[in-house]
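Following: one structure in structure tokens, then a few remarks.
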Amino acid sequence: MNNYGIPANALITVAGTVGVGKSTLTAALAQRLNFKTSLEQVDHNPYLEKFYHDFERWSFHLQIYFLAERFKEQKKIFELGGGFVQDRSIYEDTGIFAQMHADQGTMSATDFETYSSLFEAMVMTPYFPHPDVLIYLEGSLPSILNRITERGREMEIQTDRSYWEHMHERYSVWIDQFTACPVLRLNIDQYDVHDPASVDAILAQIAAVIQPSKEAKL
Ligand SMILES: Nc1ncnc2c1ncn2[C@@H]1O[C@H](COP(=O)(O)OP(=O)(O)O)[C@@H](O)[C@H]1O
Ligand SMILES: Nc1ncnc2c1ncn2[C@H]1C[C@H](O)[C@@H](COP(=O)(O)O)O1
């Protein structure tokens with residue numbers, strides 16, 4: 001247990017739509033807690049750019065790739081005994097991205113079924129540590145679009161606004177139904193990741209969510 005009352009073996013996962021600020025908050029929390037990070041690799045992803053140019057052609061390949069990457073990270077977290085802040089959850093791959101492309105017809109029904117059965121088989125294993133808390137970042141679509149633009153990944157900037165609108169809407173429905181682990185909702189206008197007092201306040205909220213749920217498991 002550290003000064004914040006957060007167990008040293010905790011798994012904190014940061015969720016939310018593209019550009020909302022997950023990686024930035026992940027790094028800030030991990031640094032303060034002296035936790036390891038589990039980050040999403042964008043630069044070495046062999047499918048991501050192709051996917052943004054042709055969803056139909058590449059969505060299945062990309063989902064399989066993300067699933068494999070995410071599962072390797074889950075296994076590492078399990079083997080190292082926790083103490084991680086994780087950028088994006090595996091639940092979002094299936095519950096947001098794969099589902100959205102299946103619903104929009106940019107992933108075929110057969111591909112979605114194959115993907116979903118693989119997902120189920122991988123998640124139902126002892127390697128799969130559910131987070132102690134999932135921090136859900138939320139904010140207005142215009143603020144998030146500004147962040148996507150400022151960050152400057154050309155493939156995302158060139159993507160139609162409607163894609164981000166659908167995703168934003170889908171996230172808000174998804175989180176209201178999410179029950180796999182305890183959730184802490186944070187509005188991006190209500191914290192400043194560069195202000196230590198503001199990060200302290202988040203850590204206190206994390207501790208308040210984790211402690212009762214850890215006690216309940218004992
Ligand atoms: N709290 C914040 N205040 C202002 N800008 C932020 C904040 N968090 C992230 N950003 C900026 O928004 C952009 C997207 O953040 P990032 O952490 O990469 O998002 P995500 O990992 O959710 O896609 C980056 O340019 C980052 O510097
Ligand atoms: N499962 C996914 N399917 C499609 N695209 C995905 C998936 N997971 C992440 N992405 C994309 C979205 C962004 O362009 C990058 C990185 O996500 P970010 O929210 O910026 O960390 O990968």
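Whatever order the structure lists them in is the order used to number ligands and atoms, beginning at 1. The figures here come from the full heavy-atom set of this structure, side chains too, leaving out hydrogens, waters and symmetry mates.
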Pairs under 3.5 Å, N/O atoms on ligand 2 and on the protein: can you put them in a table with the distances?
unit_1	atom_1	unit_2	atom_2	d
ligand 2	1 (N)	Gln63	OE1	2.9
ligand 2	1 (N)	Asp93	OD1	2.8
ligand 2	3 (N)	Gln63	NE2	2.6
ligand 2	8 (N)	Arg70	NH2	3.4
ligand 2	14 (O)	Tyr52	OH	2.6
ligand 2	14 (O)	Glu156	OE2	2.5
ligand 2	17 (O)	Glu40	OE1	3.2
ligand 2	17 (O)	Arg88	NH1	3.1
ligand 2	19 (O)	Lys22	NZ	2.7
ligand 2	19 (O)	Arg88	NH1	2.9
ligand 2	19 (O)	Arg88	NH2	3.1
ligand 2	20 (O)	Arg151	NH1	3.2
ligand 2	20 (O)	Arg151	NH2	3.3
ligand 2	20 (O)	Arg153	NH1	3.0
ligand 2	21 (O)	Glu40	OE1	2.4

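- Annotation: Tyr163 is in aromatic contact with His101 [ring centroid separation under 6.0 Å].
- For Glu113 and Thr110, the side-chain atoms include no donor-acceptor pair closer than 3.5 Å.
- Using a cutoff of 4.0 Å between basic side-chain nitrogens and carboxylate oxygens, Arg185 and Asp176 are scored as salt-bridged.
- Aromatic ring centres of Phe178 and Tyr91 lie closer together than 6.0 Å.
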Criterion side-chain contact (heavy atoms from CB on, under 4.5 Å) on Val14 and Asp87, from CA distance to verdict = CA-CA 5 Å; Val14 185; Asp87 176 3; 5.6 Å; no
Kindly print each ligand 1 N/O atom paired with any protein N/O atom under 3.5 angstrom away, one pair per line, or none if nothing qualifies.
unit_1	atom_1	unit_2	atom_2	d
ligand 1	3 (N)	Arg147	NH2	3.1
ligand 1	8 (N)	Arg147	NH1	3.4
ligand 1	17 (O)	Ser23	N	3.3
ligand 1	17 (O)	Thr24	N	2.9
ligand 1	17 (O)	Thr24	OG1	2.5
ligand 1	18 (O)	Arg151	NH1	2.8
ligand 1	19 (O)	Gly21	N	3.1
ligand 1	19 (O)	Arg151	NH1	3.4
ligand 1	21 (O)	Ser23	N	2.9
ligand 1	21 (O)	Ser23	OG	2.6
ligand 1	22 (O)	Val20	N	3.3
ligand 1	22 (O)	Gly21	N	3.0
ligand 1	22 (O)	Lys22	N	2.8
ligand 1	22 (O)	Lys22	NZ	2.7
ligand 1	23 (O)	Gly19	N	2.9
ligand 1	23 (O)	Arg151	NH1	2.6

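- With sequence neighbours excluded, no residue forms a salt bridge (charged side-chain N to carboxylate O under 4.0 Å, His left out) with Glu169.
- Using bins of under 30°, 30° to 60° and over 60° for the plane-to-plane angle, the ring pair Phe97/Tyr171 lands in the perpendicular bin.
- By the salt bridge (charged side-chain N to carboxylate O under 4.0 Å, His left out) test, Glu73 is found to be paired with Lys76, residues two or more places apart in sequence or in another chain being considered.
- Under 3.5 Å, the side chains of Asp103 and Gln99 contain a donor-acceptor pair of N or O atoms.
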